[in-house]
Amino acid sequence: DEVCFRTHRFVEACLAWPVPDNNFPYLIFNSWGYGRAVTDALARQALEISAQLGVEVFVTDFGWEGPDWEPWPETFPEGLRPISNLARAKGIKFGLHYSFGNVSSQSRMYQDHPDWAYGEGLWAYGLNQYPVYRVSLGLPEARKWVIEKSIEVLDRNGVDWFLTDTWLWGRADPEKHVLTADPDWSAATGFEATMDAIHARRPGVLIEHCDGGLEIGRAHV
């Protein structure tokens with residue numbers, strides 16, 4: 001117990017990015033239970049109830065995004081910005097699930113750069129009618145593209161908090177990619193380097209790595 005206690009304190013003091021304020025951890029609403037059924041109307045209704053309950057972060061999870069990480073026009077015809085604006089007007093942070101480690105075969109990124117992806121990936125509810133692949137984040141050119149796309153997604157949707165998971169799909173394939181030279185490699189992935197770069201560009205956006213629960217550590221929060 002003492003070792004665990006000291007290790008926890010060491011990580012918080014020396015390794016972890018600092019928590020944003022004295023209210024952390026937050027009370028969070030997450031639309032995960034609605035899956036692909038999440039819509040603009042449903043999000044607005046849930047947001048009104050969340051405000052009454054004192055929710056501090058409102059997260060739109062899996063189901064909002066199409067192959068190019070853009071809101072589905074049939075369910076969010078005006079995009080997600082009106083939802084994030086409404087949340088902020090109520091004093092609530094707006095969160096978004098964004099799994100940048102996976103890419104749809106229907107995406108522009110995959111069609112332009114199929115060599116940046118390999119193997120079977122994971123996509124949102126009901127979207128597996130087309131193949132989905134893992135993004136090789138260990139490739140500097142792929143990682144640079146993902147970082148720029150991530151900044152675009154965060155800015156366009158007014159995101160205060162985003163969560164990602166299934167990052168293990170982001171490994172490089174030794175059959176296709178040479179695992180040398182790049183100092184940003186981390187356990188043969190570019191995941192840590194990707195998260196670090198996003199954080200450096202948008203330090204005010206909180207990042208949750210939700211594989212196995214929230215991890216408060218380097219390149220997470």
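Nothing fancy with the numbering, it's 1 onward along the sequence. Please read these numbers as outputs of a predicted model, since none were measured by experiment.
- Side chain of Trp64 to backbone of Gly79: no donor-acceptor contact under 3.5 angstrom is found.
- The minimum heavy-atom distance linking Gly158 with Ser84 is given by the pair O-CB, 3.5 Å.
- A donor-acceptor pair under 3.5 Å is formed between the side chain of Thr164 and the backbone N or O of Tyr98.
- A donor-acceptor contact shorter than 3.5 Å links the side chain of Ser105 to the backbone of Pro131.
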(message) As a quick check of understanding, evaluate side chain to side chain contact (heavy atoms under 4.5 Å, CB included) for Arg44 and Ile83, giving each step before the final call.
(response) CA-CA 7 Å; Arg44 290 174 183 272; Ile83 304 299; 3.6 Å; yes
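- Minimum heavy-atom separation, Phe76 to Pro71: CB-CB, 3.9 Å.
- The side-chain heavy atoms of Ile147 and Thr194, taken from C-beta on, include a pair separated by under 4.5 Å.
- The OG atom of Ser136 sits 8.5 Å away from atom CG of Asp115, with the distance rounded to the nearest 0.5 Å.
- A side-chain donor-acceptor contact under 3.5 Å links Asn30 to the backbone of Trp32.
- Annotation for Arg9: atom CZ counts as buried by contact number, over 12 foreign heavy atoms lying within 6.0 Å.
- Across every non-hydrogen atom of Val146 and Leu137, the tightest pair is CG2-CD2, 3.9 Å.
- In summary, Lys149 and Glu152 engage in a salt bridge, as defined by a charged side-chain N under 4.0 Å from a carboxylate O.
- Proximity of Asp61 to Leu96: side-chain heavy atoms (C-beta onward) are nowhere separated by under 4.5 Å.
- Between Gly63 and Val38, the shortest heavy-atom distance links the atoms C-CG1, 4.1 Å.
- Inter-residue side-chain proximity for Glu74 and Thr39 is flagged as unmet; no heavy-atom pair is nearer than 4.5 Å.
- Phe58 and Phe94 have parallel rings, their planes meeting at less than 30° on a 0 to 90° scale where 60° marks the start of perpendicular.
- Relative ring orientation between Tyr110 and Tyr133 is described as parallel, the plane-to-plane angle staying below 30° on a 0-90° scale split at 30° and 60°.
- The pair Arg6-Glu2 meets the salt-bridge criterion, with a side-chain N (NZ, NE, NH1 or NH2) lying under 4.0 Å from an Asp/Glu carboxylate O.
- For the atom pair CD (Glu65) and OG (Ser107), the distance works out to 12.0 Å, reported to the nearest 0.5 Å.
- Side-chain contact between Val205 and Phe162 is present, with heavy atoms from C-beta onward closer than 4.5 Å.
- Glu12 places a side-chain heavy atom less than 4.5 Å from the side chain of His8.
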(request) Test Val135 against Met109 for side chain to side chain contact (heavy atoms under 4.5 Å, CB included), laying out the working first. (result) CA-CA 10 Å; Val135 180; Met109 189 263 257; 4.0 Å; yes
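- Considering every non-hydrogen atom in both Gln106 and Gln111, the closest pair reads O-NE2, 3.2 Å.
- Within the 4.5 Å cutoff, the side chain of Leu47 has heavy atoms near those of the Ile92 side chain.
- Aromatic ring orientation, Phe24 versus Tyr26: perpendicular (interplanar angle above 60°, classes split at 30° and 60°).
- The pair Asp155-Arg202 meets the salt-bridge criterion, with a side-chain N (NZ, NE, NH1 or NH2) lying under 4.0 Å from an Asp/Glu carboxylate O.
- Under the 4.0 Å criterion applied to side-chain N and carboxylate O atoms, Lys90 and Glu56 are not assigned as salt-bridge partners.
- Salt-bridge formation is not detected for the pair Glu148/Arg143: no Lys NZ or Arg NE/NH1/NH2 atom is positioned less than 4.0 Å from an Asp or Glu carboxylate oxygen.
- Note that the CZ atom of Phe100 and the OG atom of Ser150 stand 6.0 Å from one another [nearest 0.5 Å].
- Counting heavy atoms from C-beta outward, Asn157 and Arg81 have side chains that stay 4.5 Å or more apart.
- Proximity of Thr75 to Trp72: side-chain heavy atoms (C-beta onward) are separated by under 4.5 Å at one or more points.
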(request) Take Leu163 and Val59, measure what side chain to side chain contact (heavy atoms under 4.5 Å, CB included) needs, and give me the verdict at the end. (result) CA-CA 9 Å; Leu163 59 147; Val59 177; 3.2 Å; yes
(request) Carefully, step by step, assess Trp161 and Leu154 under the rule side chain to side chain contact (heavy atoms under 4.5 Å, CB included). (result) CA-CA 9 Å; Trp161 168 297; Leu154 299 179; over 6 Å; no
